[in-house]
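Heads up: numbering here begins at 1 and tracks the sequence. Everything quoted here is computed from the prediction, not taken from an experiment.
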Amino acid sequence: MSGYGRIAESYMCAMAELDLRPDVVTYSSVINAYVKDSESKGSLQRAETLFATMESLYHQGDTKMRPTVVTYTTLIHALARCNSTEAVAKAEKLLDVVERTAGEDQDQFRVQSAIPNAIYNAVIGAWCRENEPDRAGELLVRMLENLHSKKLNAEPSTIMFNTVIGAYGRSKKAGVAVKVKGLLSKMQKHGMKFNDETSRRLQLVFKEKDVGCIDACLPREATQHQERPTKREHKIRVDAEYTFKTELESLVSSGELSSLQKAEEALLESIEKYESDGNLLKPNQVHVAIVLDGWAKHLHPEKAESLLELMEDKPWLQPDIVCYSIIIKAWVQSRSSGYVQRVENIMDRLESKRVKPDLILYSSVIDAFAKSDDKRYARKAEDLLMKMETNEDFKPNVVVYTSVISGLVKSGSIKRAETMLKKLQNVTSDLDAIPFITVIDALATSDYPDSPQRAEALLYRMENIWKAGNGGKLNLDSVTYNTVIGIWASRSNRIQGAVYRADDILRRMEINGIKPDYMTFNSVIDAWAKSKEENAPERVTELLEEMETRFANGEKDTKPDAVIYASVIDTLVASKADRSPFTAEKLLRRMEEKYKAGDETMQPDARCYTSLIDIWANSNSRVAADRIEDLLKRMDALYQMGDDSMSPDIITYAAVVRSLSRCADKSSAAKRAYELICQLERIYHNSEENPDLDRCNLILDVMFKSLTFQKDIDDAESLREAIIQLKIT
């Protein structure tokens with residue numbers, strides 16, 4: 001691991017040079033690398049320096065650089081391992097900061113719900129190794145006081161007390177026995193459990209090994225042993241349990257199903273031996289959890305649950321919260337039929353056993369309920385969340401709220417999801433964008449008349465949180481803006497002013513420092529294309545030119561393609577402005593030039609040519625017929641070169657015939673129309689495709705009416721007969 005801290009820091013420096021601002025996660029990762037590299041000279045000192053830099057940046061106003069519990073834990077553990085009184089003192093000083101911060105600002109440590117006991121263990125163990133049991137004892141007392149006052153919920157364990165008692169036993173300082181009695185009294189007052197190891201360590205304190213004196217220190221139930229296990233027997237038992245644990249881990253970690261089966265067989269055999277002849281090896285929850293986890297990873301939750309049921313039948317081997325959590329997680333990961341019902345059943349059994357659920361278990365169950373296709377479970381997930389909110393030991397975090405919101409959205413309860421999102425915002429400021437995006441995406445596919453307004457209101461809330469600097473992990477991005485713009489765009493032909501809302505959001509993006517991309521412009525152009533606004537042609541043309549300019553200036557994700565051009569041309573087609581045909585054809589020429597230059601994304605399709613033919617056909621321009629003929633020839637040339645998609649269809653021919661009806665030379669126009677009808681007949685005769693007959697007949701009727709403009713021309717009758725024959729065909 002040598003040198004990894006230095007390498008990690010070099011990457012962090014490179015981020016700064018690329019204008020990528022390192023955050024608390026970046027600094028914490030580098031500190032962790034230095035800590036793991038602590039055997040290298042100066043690594044720990046460098047980790048401390050980086051930590052000091054984080055604190056300095058935070059105190060200077062950079063709220064995103066506030067060290068987290070993870071950062072403190074990493075450094076405290078490193079200092080506690082230094083075998084130096086000075087280092088342990090630094091570790092305790094950091095622990096003081098963690099206690100103070102957690103007590104004053106619960107939001108900062110909401111994810112962890114409490115200061116991890118591992119931090120206290122590290123510092124207490126370090127003081128004991130430095131032969132300073134008094135300092136370790138003071139920490140234990142402080143933990144108890146904080147727990148009793150509900151200021152913090154880190155709870156000292158019997159192992160911690162045993163560690164301190166053992167340190168007192170090794171100490172040669174005066175008054176040790178009195179201090180230990182005081183410590184035991186506090187243990188008893190707070191309901192701490194005593195075990196055989198407590199008795200053994202007390203013997204180190206009372207050198208005379210006076211059983212009566214020891215018994216006086218312990219509660220009555222702890223002294224009522226018919227036979228006390230000897231030190232040797234205790235060691236044998238502990239060694240046996242550890243050896244068995246190692247054997248099970250070795251079998252399960254191999255990843256082989258056969259090895260896992262052997263591990264289960266060994267576990268069941270040990271349980272049977274213990275019950276039959278009081279075997280010295282007593283299997284415990286840790287042993288069972290190893291095998292349970294193995295079945296969970298092999299996606300065999302039914303096997304794991306069978307083992308759980310075996311535990312539930314044995315009073316001396318009742319499953320703990322870890323075992324139940326493994327089973328629930330196994331069912332959730334399996335996604336097998338009925339897994340949600342299995343999770344619900346296990347949750348009911350857990351509560352009947354009065355096993356107290358923790359944050360992790362609640363999170364797993366809520367996640368399972370939220371992902372269920374059964375809409376009833378979304379409400380059950382919400383009920384569990386409300387139950388967590390009344391829990392004194394821990395509160396639901398952002399992940400839990402997000403799961404419930406996702407479940408409500410999936411069940412179609414979008415309004416309830418919006419209400420839950422408001423509650424989340426009131427509970428914590430440590431938000432990310434996921435719950436907001438979940439609801440916005442749901443509104444995008446909903447039929448609510450006010451979906452655009454509600455989606456934009458959520459976007460406003462995101463913007464306000466982000467601007468106030470309370471966003472935490474909440475980041476604005478183009479995807480969210482594009483979604484809201486898309487919602488407005490989809491209603492632009494139904495809601496008055498919708499297109500202006502979409503356009504306004506586009507400009508707000510830039511104000512907030514979010515660069516619009518291809519999808520942004522495509523959605524706004526689509527909104528204008530669907531609207532009936534008079535200025536639509538001018539606006540879509542402006543947006544297209546803006547995309548071209550941005551792309552030329554290096555914004556690669558704003559490159560327009562044939563889809564964008566086609567949308568703009570369609571908008572011009574719908575316009576009655578005199579210059580629209582000329583503008584549209586100019587755009588088509590530009591597409592052709594770019595495609596010929598090698599840009600395959602700019603390949604025009606038949607729709608572009610047909611739309612342009614249609615706009616010329618509807619215009620009053622004297623050059624319309626010539627322009628249409630030219631477009632038809634260009635389509636045919638591309639078709640003859642092998643581009644099958646450029647084959648003119650009946651809509652194309654109808655537009656051409658309609659334009660011919662307006663020509664001054666009626667006789668020539670009629671002859672040309674007759675040629676086109678015959679050509680259309682040959683196309684359909686040689687084609688394997690079956691055209692939409694109703695659509696074809698409707699268009700042919702339009703052509704027929706258009707070509708009755710001159711009753712006395714020679715080919716008028718034969719032309720009408722050709723159309724009728726084509727309809728019959």
Side-chain angles (χ1 to χ4, degrees), residues 118 157-159 162 193 195-197 200 225 227-336 338-339 342-343 345-347 349-350 352-358 360-361 364:
S157 64
T158 302
I159 294 175
N162 289 345
K193 294 182 179 179
N195 56 26
D196 294 332
E197 185 63 16
R200 192 184 70 79
H225 297 295
E227 293 183 8
R228 291 179 180 275
T230 65
K231 182 177 179 180
R232 181 175 177 276
E233 288 175 337
H234 177 75
K235 185 177 186 306
I236 292 173
R237 180 182 298 171
V238 171
D239 288 347
E241 291 175 359
Y242 179 79
T243 302
F244 188 51
K245 172 177 173 289
T246 305
E247 290 173 356
L248 292 176
E249 287 176 336
S250 177
L251 287 168
V252 172
S253 63
S254 71
E256 297 292 334
L257 186 60
S258 58
S259 297
L260 176 57
Q261 291 170 337
K262 289 179 181 178
E264 185 178 54
E265 290 170 3
L267 176 64
L268 296 175
E269 184 180 354
S270 68
I271 292 173
E272 184 179 353
K273 282 186 176 181
Y274 178 76
E275 290 183 327
S276 62
D277 57 14
N279 183 35
L280 191 60
L281 171 61
K282 180 181 179 180
N284 55 37
Q285 288 88 348
V286 174
H287 298 139
V288 181
I290 293 170
V291 181
L292 288 176
D293 193 51
W295 285 123
K297 289 178 179 176
H298 276 274
L299 299 181
H300 281 294
E302 71 287 350
K303 294 277 191 180
E305 190 169 354
S306 296
L307 199 53
L308 180 74
E309 291 169 353
L310 176 69
M311 294 179 72
E312 289 176 329
D313 290 339
K314 300 185 181 303
W316 60 273
L317 192 60
Q318 287 296 294
D320 57 11
I321 188 63
V322 175
C323 296
Y324 282 109
S325 296
I326 291 173
I327 303 295
I328 287 174
K329 186 178 179 181
W331 277 114
V332 173
Q333 290 178 336
S334 73
R335 290 291 191 274
S336 55
Y339 80 92
R342 297 306 311 152
V343 169
N345 176 265
I346 294 168
M347 190 68 179
R349 281 153 56 187
L350 178 147
S352 68
K353 295 282 186 180
R354 296 185 179 180
V355 177
K356 198 173 182 181
D358 59 7
I360 296 175
L361 186 136
S364 298

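Taken from CH2 in Trp331 to CD1 in Ile346, the straight-line distance is 7.0 Å, to the nearest 0.5 Å. Separation of atoms CD (Glu312) and OG (Ser352) is listed at 7.5 Å; rounding is to 0.5 Å. Here His287 contributes atom NE2 and Gln285 contributes atom CD; the two are 10.0 Å apart, rounded to the nearest 0.5 Å. Taking NE2 from His300 and OG from Ser336, the interatomic distance works out to 11.0 Å, rounded to the nearest 0.5 Å. Here the straight-line distance linking atom CG of Leu281 with atom CG of Asp239 works out to 11.5 Å at 0.5 Å rounding. Between the CG atom in Leu267 and the CD atom in Glu272 there is a gap of 12.0 Å [rounded to 0.5 Å].
Among residues at least two apart or in separate chains, salt bridge (charged side-chain N to carboxylate O under 4.0 Å, His left out) pairs with a member in residues 287-305 are Asp293-Lys297, Glu305-Arg342, Glu305-Arg349. Sorted by first and then second residue, the salt bridge (charged side-chain N to carboxylate O under 4.0 Å, His left out) pairs involving residues 254-271 (not counting sequence neighbours) are Glu269-Lys273.
The shortest heavy-atom contact between Met311 and Leu292 is SD-CD1, 4.5 Å. Nearest heavy-atom pair across Leu361 and Ser325 is CD1-OG, 3.5 Å. Closest heavy-atom contact between Leu251 and Ser259: O-CB, 3.2 Å. Taking each heavy atom of Val332 and Tyr339 in turn, the nearest pair found is CA-CD1, 3.9 Å. Nearest heavy atom pair, residue Leu248 against residue Ala263, reads CD2-O, 3.5 Å.
Contact of the Cys323 side chain with the Ile326 side chain is not registered, since no non-hydrogen atoms from C-beta on lie closer than 4.5 Å. Within the 4.5 Å cutoff, no side-chain heavy atoms of Val288 are placed close to those of Pro319. Taking 4.5 Å as the limit, every side-chain heavy atom of Ile327 sits out of range of all side-chain heavy atoms of Trp295. Residues Leu299 and Gln333 form a side-chain contact, since some pair of their non-hydrogen atoms from C-beta on lies under 4.5 Å apart.
Shown here are the side chain to side chain contact (heavy atoms under 4.5 Å, CB included) partners of Lys314, two or more places apart in sequence or in another chain: Ile271, Glu275, Leu310, Trp316, Leu317.
Side-chain atoms of Thr246 come within 3.5 Å of backbone N or O of Tyr242 as a donor-acceptor pair.
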After noting the C-alpha distance and the side-chain angles of Val286 and Val322, does the key distance pass the side-chain contact (heavy atoms from CB on, under 4.5 Å) rule? CA-CA 9 Å; Val286 174; Val322 175; over 6 Å; no
